[in-house]
Number of protein chains: 2
Amino acid sequence: MGGDHGPAVCVRGAMIAGQRLEGVRFLLHGDTALIEAELARMPTLRAISEVRHAERAIAMDEKPAQAMRRGKGTSLWNAVAALKEDEAKAVVSAGNTGALMAISKLQLRMAADLERPAIVASWPTARGISAVLDVGANVESDAEQLVEFAIMGAAFHRAVHGSTKPTVGLLNVGSEDQKGHDDVREAHALLRETTLDFDYRGFVEGNDIAKGTVDVVVTDGFTGNIVLKSAEGLARFFTNELKATLTSSLMAKLGALVAIGPLKAMRRRLDPGRVNGGPLLGLNGIVVKSHGSADANGFASAIKVAVDLARSDYSQEIARNVQRVMAAAARGSDPEPQTGVVG
Amino acid sequence: MGGDHGPAVCVRGAMIAGQRLEGVRFLLHGDTALIEAELARMPTLRAISEVRHAERAIAMDEKPAQAMRRGKGTSLWNAVAALKEDEAKAVVSAGNTGALMAISKLQLRMAADLERPAIVASWPTARGISAVLDVGANVESDAEQLVEFAIMGAAFHRAVHGSTKPTVGLLNVGSEDQKGHDDVREAHALLRETTLDFDYRGFVEGNDIAKGTVDVVVTDGFTGNIVLKSAEGLARFFTNELKATLTSSLMAKLGALVAIGPLKAMRRRLDPGRVNGGPLLGLNGIVVKSHGSADANGFASAIKVAVDLARSDYSQEIARNVQRVMAAAARGSDPEPQTGVVG
């Protein structure tokens, strides 16, 4: 248990989540002494928690391969093992992302014949919250993986953001069918010809993300990661410029002073990095990554994402849609014989 | 001559550019009657311009292949032909991007053994203006093309934004050498081991763009196009939210009223879509695309970009660096024999 701030922030996050989410219970993995010291001041959380001691923790800069080799017995490893043993319904971690992904994949394995996990970001838009994936679990994604991301993203959006029939778009450099490279065009064709539990809207472009044109934006992990980090950088740049602008003259300062409340609220709402809790989709089990730098409220948000997923039909929905795509793909590559049977 | 607003905006843009840029002269291609009607009111521009009549124009939605087939005799074709015949030093167009690219490549051909053109965007950052390329000329780019983009981008940044030794970064999902897919890793290795006229700083991440970490951000056309359009979308979203925030209450309105000047100036400065004039780099000749929706001032900016490029050492610099990379690549794939010669 840790992240950048150590266990105190996580324990306080659990306390906040415990107050907000009825019936939730915690297994807290880490250094018992540190965790118990925090819990001593939180009797309500103490009553719904069990502490599991771990001798070691995985460092934030440890390489995934190394984390897998020497991970046994660490708090991260034990948390995922408890999920695998069905002692827990979900894992939330503010630790090392690569290690969390590697150890989760090793212990839990992929669900429903899915090939690769994806990390999904919840992105504030003009119309609400969109899910954008993959934002960094993979560096290359072929057509089938893009289709899997669409399925996982739609199930996620329904489970966490409450859409009844999510709209899904595939990120591309134009909206016409012939635009883009082979992988996006193939994924586009496959999504169009399959009946799924979501509403596939075709290609979307970069500017559609902030517009909220679709609930789920599907892209490869390379593009997704760069787009997410660019947007976080741009949001920071904007707010810094806004601050500089509003202190540039006496009149500007006066204006800022008057409008400070709404301006601060806006800043919190807009940053794509601010909606905390990025689930690792596609695993046999719910694993949610919290920003390493999240505060207690941010960590509580990540816990809420995990609880929403655990209490939803999310896993079954993914399995159902994967089957449909596989059936459609099989029909496409191996068409039924055209000889008629008269009977 | 046209774009979304017809020739009037372009002629007025030329007038503004003519006043700002000493010694510039224009060949105006298009419908003589329309152009002359504008020029009648602008004697200073008239004195430095020659009008070339064209019977036809390429429509904004015409496909590039079609534009190439039936392009002869259009104003766009004639403008590029005049550049090829050395009657002009640069072409500026607010017309159809795909057609401009196809017709330019057909008539001018690629420079200095370059493989593919790239479109470069001038991006406002916390430290000035960075060049980001490719933002849409290609949908896939291999390692060698990424290296070419680095060379073209650096030469462009020096010519237009005045850096003496531009810093260059390769956009990736992390900064460590082993991050990313094969193409970015190969390009990274090639750029590191070659001595070039710019300062290669290695991998940069999405958030480095707005920071202005490097003068030139190199990426493939798929990622670049999506990142640019996402940023434009986010900039629009941000300014809309700011407007909504600053009209959300009486106090907020009052604040906005007081700070309106600096806020408007900030909005103009920040939008990545606002710096007009995207050159098509890599051709034997300078071709600059203006936004179709640019106003006269925007079109004048695009003309300034073209003039800066035409008056710089840009073309020679590209040729010089391409040769160095090719020499380095040849050494890499075909090392010198290890038998020593004793003389």
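Protein chains get the first letters and strands the later ones, always in sequence-line order, with residue 1 at the start of each.
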Salt bridge (Lys or Arg N to Asp or Glu O under 4.0 Å) between B:Arg201 and B:Asp208, intermediate numbers included | CA-CA 12 Å; B:Arg201 294 284 177 90; B:Asp208 287 306; over 6 Å; no
Is there a donor-acceptor pair closer than 3.5 Å between any side-chain N or O of A:Lys229 and the backbone N or O of B:Val173?
-> yes
Under 3.5 Å: donor-acceptor pair, side chain of B:Ser130, backbone of B:Val214 = yes
Counting heavy-atom pairs under 4.5 angstrom with chain A, the leader among B:Thr219, B:Asn240, B:Thr125 is B:Thr125
Max heavy-atom pair count under 4.5 Å with chain A, selected residue of B:Gly136, B:Gly233, B:Gly174 = B:Gly233
Sort out for me which of A:Val184, A:Ile226, A:Val227, A:Asn172 touches chain B most, counting heavy-atom pairs under 4.5 Å.
-> A:Ile226
Counting N and O atoms only, with roles assigned by atom type, does the side chain of A:Asp134 sit under 3.5 Å from a partner on the main chain of A:Ile119, one being a donor and the other an acceptor?
-> yes
Between B:Glu176, B:Lys179, B:His181, which shows the greatest number of heavy-atom pairs under 4.5 Å with chain A?
-> B:His181
Against chain B, label A:Ile209 side chain, backbone, both or neither, depending on which of its atoms sit under 4.5 Å from a heavy atom there.
-> side chain
Expected output: side-chain B:Asp215 to main-chain B:Ser163 donor-acceptor under 3.5 Å = no
Heavy-atom contact with chain B under 4.5 Å, split by part of A:Asp220 | side chain
